[in-house]
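Accompanying notes for the structure given below.
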Amino acid sequence: MSFKNLQLIKPLLKGLITKNYEIPTLVQEKTIPLVLAKKDIIVTAQTGTGKTAAFALPILQLLFDKQDASKKGKKIRALILSPTRELALQIEEDFNSYGKYTNLRITVVFGGVSIDPQKEKLRKGVDILIATPGRLLDLHKQEYINLNFIETLVLDEADLMLDMGFINDVKKIDRLCNSEKQVLLFSATIPFKVEELAKSILKNFERIEVTRNSSVAKGVEQVIFYTPKPKKIELCLHLLRNSLKGNILIFRRTKFGVDKLEKTLLKNNYKAESIHGDKTQLARQEALSKFKNKEANILIATDVASRGIDIQNLDAVINFDIPNIPETYVHRIGRTGRAGKKGLALSFCSADEKNYIIDIQKLINQQIDVNQEHPYLLDPKDKPEIHKRKGSKHKKGRKSEASKKKKRRWY
Ligand code: AMP
């Protein structure tokens with residue numbers, strides 16, 4: 001499945017290219033067609049699943065398609081309610097990057113800051129408004145906001161919104177909006193009060209549930225190597241020379257990265273093959289069969305290229321780049337340690353990727369071992385402050401099997 005298959009229009013596809021997104025996440029695959037069909041939906045999905053794009057992309061498309069002479073008017077046509085200002089800002093940023101080539105006007109308003117600049121932005125005209133409930137009602141009361149023309153209302157993180165006591169505000173905002181609007185409710189969990197709210201606001205809704213695949217096979221030894229980005233290639237060669245044996249799948253985020261690594265490995269006399277989206281089907285099949293026949297023991301791939309192909313029972317998986325979607329990590333390393341066999345999952349993490357590791361550890365509820373004795377360590381000042389992150393649960397996570405072992409294989 002590609003974004004093109006989801007019938008997204010060119011300006012949005014162009015925006016996605018700049019974001020480097022190649023394939024839709026599961027929640028995007030399921031949600032986008034229903035939003036485009038103007039259905040009301042309840043989506044059970046957590047942050048980290050790609051849920052923002054799941055509503056942002058189709059909303060941008062619906063509004064872009066209907067752009068006409070009235071476009072320069074002051075009609076707000078989509079409203080996204082967020083419980084916190086941090087989330088509101090994040091949503092605005094996402095809308096701006098996905099909608100970069102649409103010319104739609106996107107604005108965010110939230111409490112705790114001066115209201116005047118927000119009034120000014122609203123005066124200029126807005127197509128898509130992201131707001132926290134209190135400030136929205138305040139601006140409405142002062143007649144800076146008219147909700148009569150809202151075509152789509154999104155309640156993001158609805159469970160949190162209700163926990164924070166916004167139920168009456170949300171109901172009020174719903175009543176102030178055009179009654180014909182489409183409503184999309186996103187929530188990590190659907191407790192009774194969210195269900196009740198949904199029943200009172202949504203019409204003939206459909207449900208989408210995206211459960212996170214968070215389980216890692218027991219036999220997989222996971223290790224993180226914190227290292228500067230430019231040193232990753234040297235680290236890879238060092239491990240191949242000293243300890244890594246067997247058939248190895250290396251994941252890289254971009255096609256360019258795959259090609260570059262393949263060249264370096266070939267130059268160093270390793271038997272490497274690669275697959276990515278720019279290679280022909282024939283070239284990909286050839287690479288794959290060489291890997292399977294053991295003519296090559298290293299395969300380098302992007303996530304897209306490796307989807308749906310049968311490469312299992314690997315001795316090791318290397319995350320040369322850390323995936324920004326935590327489920328992708330689980331998916332990648334699920335190709336090793338199968339059927340009770342031992343497997344290795346090594347992750348090369350540069351300073352700018354350390355937040356991805358935090359999200360991964362939260363998802364798998366496990367703290368991953370760190371190798372601190374390789375020759376290409378990160379500068380100490382770039383060390384991740386994993387335990388300081390607010391809301392992180394993995395401190396309580398069970399110790400990994402590998403961490404219990406006295407003797408390590410990695411130095
Ligand atoms: P969210 O669940 O909306 O907070 O998104 C989680 C992260 O995934 C954000 O960093 C997004 O930028 C990123 N993301 C969303 N969709 C995709 C995609 N299709 N491919 C790669 N990254 C994505």
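Any value given below was found using the heavy atoms of this structure, including those in side chains, with hydrogens, waters and symmetry copies removed. Both ligands and their constituent atoms are indexed starting at 1 by order of listing.
- Residue N324 touches ligand 1 through its side chain alone, judged by heavy-atom distances below 4.0 Å.
- Here F3 has side-chain heavy atoms under 4.0 Å from ligand 1, and that is the only part of it that gets that close.
- The single protein non-hydrogen atom nearest to atom 13 (C) of ligand 1 is Y21 OH, 3.4 Å, given as residue, atom name and distance.
- Under 4.0 angstrom from ligand 1, the non-hydrogen atoms of Q28 all belong to its side chain.
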| task | Mind running salt bridge (charged side-chain N to carboxylate O under 4.0 Å, His left out) on K199 and E195 for me, showing each step along the way? | result | CA-CA 6 Å; K199 284 185 178 146; E195 187 74 36; 3.6 Å; yes
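- Summary of contacts: the protein heavy atom closest to atom 8 (O) of ligand 1 is I325 CD1, 3.4 Å.
- D159 and T189 share a side-chain donor-acceptor pair at under 3.5 Å.
- If you check the side chains of R253 and N20, you find no donor sitting under 3.5 Å from an acceptor.
- In terms of polar-atom proximity, defined here as any N/O pair under 3.5 Å, T49 does make such a contact with ligand 1.
- Checked against a 6.0 Å centroid threshold, the rings of F55 and F186 count as neighbours.
- Of all protein heavy atoms, the one closest to atom 19 (N) of ligand 1 is I23 O, 2.8 Å.
- The CD1 atom of I76 lies 7.5 Å from the CG atom of N146; values are rounded to the nearest 0.5 Å.
- Closest to atom 6 (C) of ligand 1 among all protein heavy atoms lies G48 CA, 3.7 Å.
- A salt bridge links K231 and E234; the closest N-O separation between the charged side-chain nitrogens and carboxylate oxygens is under 4.0 Å.
- Looking at atom 3 (O) of ligand 1, its nearest protein heavy atom turns out to be T52 OG1, 2.7 Å.
- Residue A53 has no N or O atom closer than 3.5 Å to an N or O atom of ligand 1.
- Applying the side chain to side chain donor-acceptor pair (under 3.5 Å) test between K51 and each of T25, D156, T31 identifies D156 as the sole match.
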